[in-house]
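This is a predicted model, so every value here is computed, not measured. Hydrogens, waters and symmetry mates play no part in the numbers below; they use all other heavy atoms, side chains included. Positions are given from 1, in the same order as the sequence printed here. First listed ligand is number 1; within each ligand, the first listed atom is number 1.
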Amino acid sequence: VEWESLYGNAIEKAIKSVPKVKGVLLGYNTNIDAIKYLDSRDLEERIERAGKEEVLRYSEKLPEKISSIQQLLGSILWSVRRGKAAELFVESCPVRFYMKRWGWDELRMGGQVGIMANLLGGVYGVPVIAHVPQISRLQASLFLDGPIYVPKVEDGKVKLVHPREFQGDEESCIHFIYEFPKGFKVFEFEAPRENRFIGAADDYNTNLFVRDEFKETFGEIVKNVQLAIISGLQALTKETYREPMEIIKAHLEVLNEKGIPVHLEFAFTPDEFVRKEILKILGEFYSVGLNEVELSSIMEVMGERKLAEKLLANDPVDPIAVTEAMLKLAKETGVKRIHFHTYGYYLALTEYKGEHVRDALLFAALAAAAKAMKGNITSLEEIREALSVPVNEKAKQIEEALIKEYGLENGIAEVEGYQLAFVPTKIVAKPKSTVGIGDTISSSAFVGEFSFT
Ligand code: 8BR
């Protein structure tokens, strides 16, 4: 297959069609990411001051949540010692204040809704209506210019305004991200690889708080959109899922009644119980986006142990196992479109047929490569530059396997009545950043595909 020429066509098509999409609803998670690059001397001094013995204890075993400075510093040290990522809720206000005073080196838009709003609205020029649980000045300042809106209710009427125009004096939901490089030294410890610890000073996204505007005037708000993307369910637990799940179901009902396709961006959901609950409502969604870890975690709660293991056993991920898992998921839930992405290739299993599905994946792969290259994309046209990134060599064996198993042709096959679309991706050798690439891939493919029909 001439992938390069298919790539060229896909981006030209996207530049023409994507800006014509009339509106996308984005729910529910938006926060502020505050990134702090750790300094060993500073961290050691803080640990000494807080009491080394107690801090070291928490670096052996993570607390469930953070209620003291010793727990905060111990949890950071836990991550450093293992080179592992971890995220904990910061419950205590004095600890939140301590973190704020400690400061940050960089502020970034966080939460899938925030990231997608800036990409779709700020970069692609597609009007978006975003759910922003708390609109503080800091939060509002992280939204790009462009057709990005939040609903504001005045005298019982909904108006759509840019988050900065909302002039909310609400809380800041800050996720403090403490980053360290490989070899980072604290006392006698040394980080085996680079990673981060996240302390979430955020009472809203962690429980999937839904604003009154969205509860009371949802029918009104969705009059302005053709598509919807939902995310943020990953934060829920067995204890907190009940109320938000009811709200989501009600929203899905309204969206489905109006014939608005809804995509679920499935991020890794640690609580197995919640994963099962999500599985129960997946059929109400038109589409779902996930990676290999997420697909494997779903197979696990579906009782497909072997398949779950297979999905994580090979690098690159075995595409036959992925297809089997997607078929199981589609048949079990009735979801019409499953978009799988992994390092090196993407697959889409759809109930319907057409090359536009594959072309949207190609557009998404270019957007991902452009983002990896630049850290941030500033225009749809700029994505063209990613055409220069070579197509992943390792994807050849993946394509071969799919040709042999399913008779794939030009990246498309028919499998048990579904269409399977495959694309090899472009991999940037030295990425500037990989934060938010998954969200870029999923939202670009979903909105792109819709614009191509
Ligand atoms: P998740 O965080 O949802 O797994 O999304 C990350 C995705 O980013 C991967 O599936 C992979 O396709 C893509 N990606 C990564 Br990671 N590094 C990349 C790179 N250097 N160039 C292009 N895509 C990349």
Side-chain angles (χ1 to χ4, degrees), residues 3 7 10-11 29 33 84-85 87 108-116 119 175 177 193-196 198 229-235 263-270 275 287-298 311-312 314-319 321-322 325-326 338-348 358 360-377 382-395 398-399 411 421-446 448:
W3 287 111
Y7 261 115
I11 183 61
N29 55 336
D33 281 346
K84 273 195 174 181
E87 176 168 349
R108 245 189 254 140
M109 177 62 87
Q112 286 136 321
V113 166
I115 290 169
M116 291 184 195
L119 179 73
H175 295 200
I177 305 179
R193 53 163 291 191
E194 74 280 5
N195 222 320
R196 60 187 73 106
I198 304 177
I229 303 178
I230 303 287
S231 58
L233 280 69
Q234 67 269 16
H263 174 87
L264 173 69
E265 187 54 15
F266 186 94
F268 184 71
T269 308
R275 233 182 285 152
S287 166
V288 60
L290 32 67
N291 67 16
E292 66 276 19
V293 177
E294 292 149 10
L295 184 58
S296 171
S297 76
I298 290 181
L311 288 169
L312 300 179
N314 298 304
D315 182 22
V317 184
D318 173 6
V322 174
M326 290 197 297
I338 303 173
H339 175 187
F340 170 83
H341 64 88
T342 186
Y343 197 83
Y345 72 94
Y346 310 155
L347 289 171
R358 177 203 62 201
L361 298 184
L362 290 168
F363 163 55
L366 280 178
K371 174 136 177 112
M373 264 165 85
K374 294 165 178 293
N376 265 315
I377 313 168
E382 194 185 45
I383 293 177
R384 264 200 206 109
E385 292 171 33
L387 285 170
S388 67
V389 179
V391 171
N392 172 31
E393 274 298 316
K394 281 193 189 160
I398 304 290
E399 190 177 359
F422 159 85
V423 306
T425 63
K426 291 173 171 266
I427 297 280
V428 176
K430 288 205 176 95
K432 257 219 174 121
S433 141
T434 56
V435 197
I437 295 195
D439 303 333
T440 300
I441 295 168
S442 295
S443 59
S444 299
F446 182 60

For [atom], what is the closest protein heavy atom, and at what distance to 0.1 Å?
atom: atom 12 (O) of ligand 1; value: T342 O, 3.0 Å
atom: atom 1 (P) of ligand 1; value: H341 CE1, 3.5 Å
atom: atom 6 (C) of ligand 1; value: G438 N, 3.9 Å
atom: atom 22 (C) of ligand 1; value: K426 O, 3.3 Å
atom: atom 24 (C) of ligand 1; value: I437 CD1, 4.2 Å
atom: atom 21 (N) of ligand 1; value: V428 N, 3.0 Å
atom: atom 16 (Br) of ligand 1; value: Y343 CD1, 4.0 Å

Next on the checklist: Could you go through Q234 and E294, starting from their C-alpha distance and side-chain angles, then the distance that decides it, and tell me whether this counts as side-chain contact (heavy atoms from CB on, under 4.5 Å)?
Outcome noted: CA-CA 11 Å; Q234 67 269 16; E294 292 149 10; over 6 Å; no
Interatomic spacing from [atom1] in [X] to [atom2] in [Y] - rounded to 0.5 Å:
X: I441; Y: T342; atom1: CD1; atom2: OG1; answer: 9.5 Å
X: I115; Y: N376; atom1: CD1; atom2: CG; answer: 10.0 Å
X: S444; Y: I377; atom1: OG; atom2: CD1; answer: 6.5 Å

Checklist entry - Do K426 side-chain atoms and L387 backbone N/O form a donor-acceptor pair below 3.5 Å? => result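 Checking the backbone N and O of L387 against the side chain of K426, a donor-acceptor pair under 3.5 Å is found.
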Next on the checklist: Looking at R275 and T269, would you say the former's side chain and the latter's main chain have a donor-acceptor pair under 3.5 Å?
Outcome noted: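 Judged by distance alone, yes, a pair lies under 3.5 Å.
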Next on the checklist: Can you classify the ring geometry of Y345 versus F340 as parallel (below 30°), tilted (30 to 60°) or perpendicular (above 60°)?
Outcome noted: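 Aromatic pair Y345/F340 classed tilted.
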Checklist entry - Can you say whether the rings of W3 and F422 are parallel (under 30°), tilted (30 to 60°) or perpendicular (over 60°)? => result perpendicular
Checklist outcome for this item: The answer for which part of N291 has a heavy atom under 4.0 Å from ligand 1 is side chain
Item to check | Proximity to ligand 1 by part of I441, non-hydrogen separation under 4.0 Å | outcome: side chain
Checklist entry - What do you reckon, does T425 put a non-hydrogen atom under 4.0 Å from ligand 1? => result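 No heavy atom of T425 comes that close to ligand 1.
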Pairs of nitrogen or oxygen atoms closer than 3.5 Å, one from [X] and one from ligand 1: do any exist?
X: E294; value: no
X: T434; value: no
X: A372; value: no

Item to check | P431 neighbourhood, listing ligand 1 atoms whose heavy-atom distance to it stays under 4.0 Å | outcome: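 In order of number, 20 (N).
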Checklist outcome for this item: From the list S442, S443, S287, side-chain hydrogen bond (donor to acceptor under 3.5 Å, both in side chains) with E265 holds only for S442
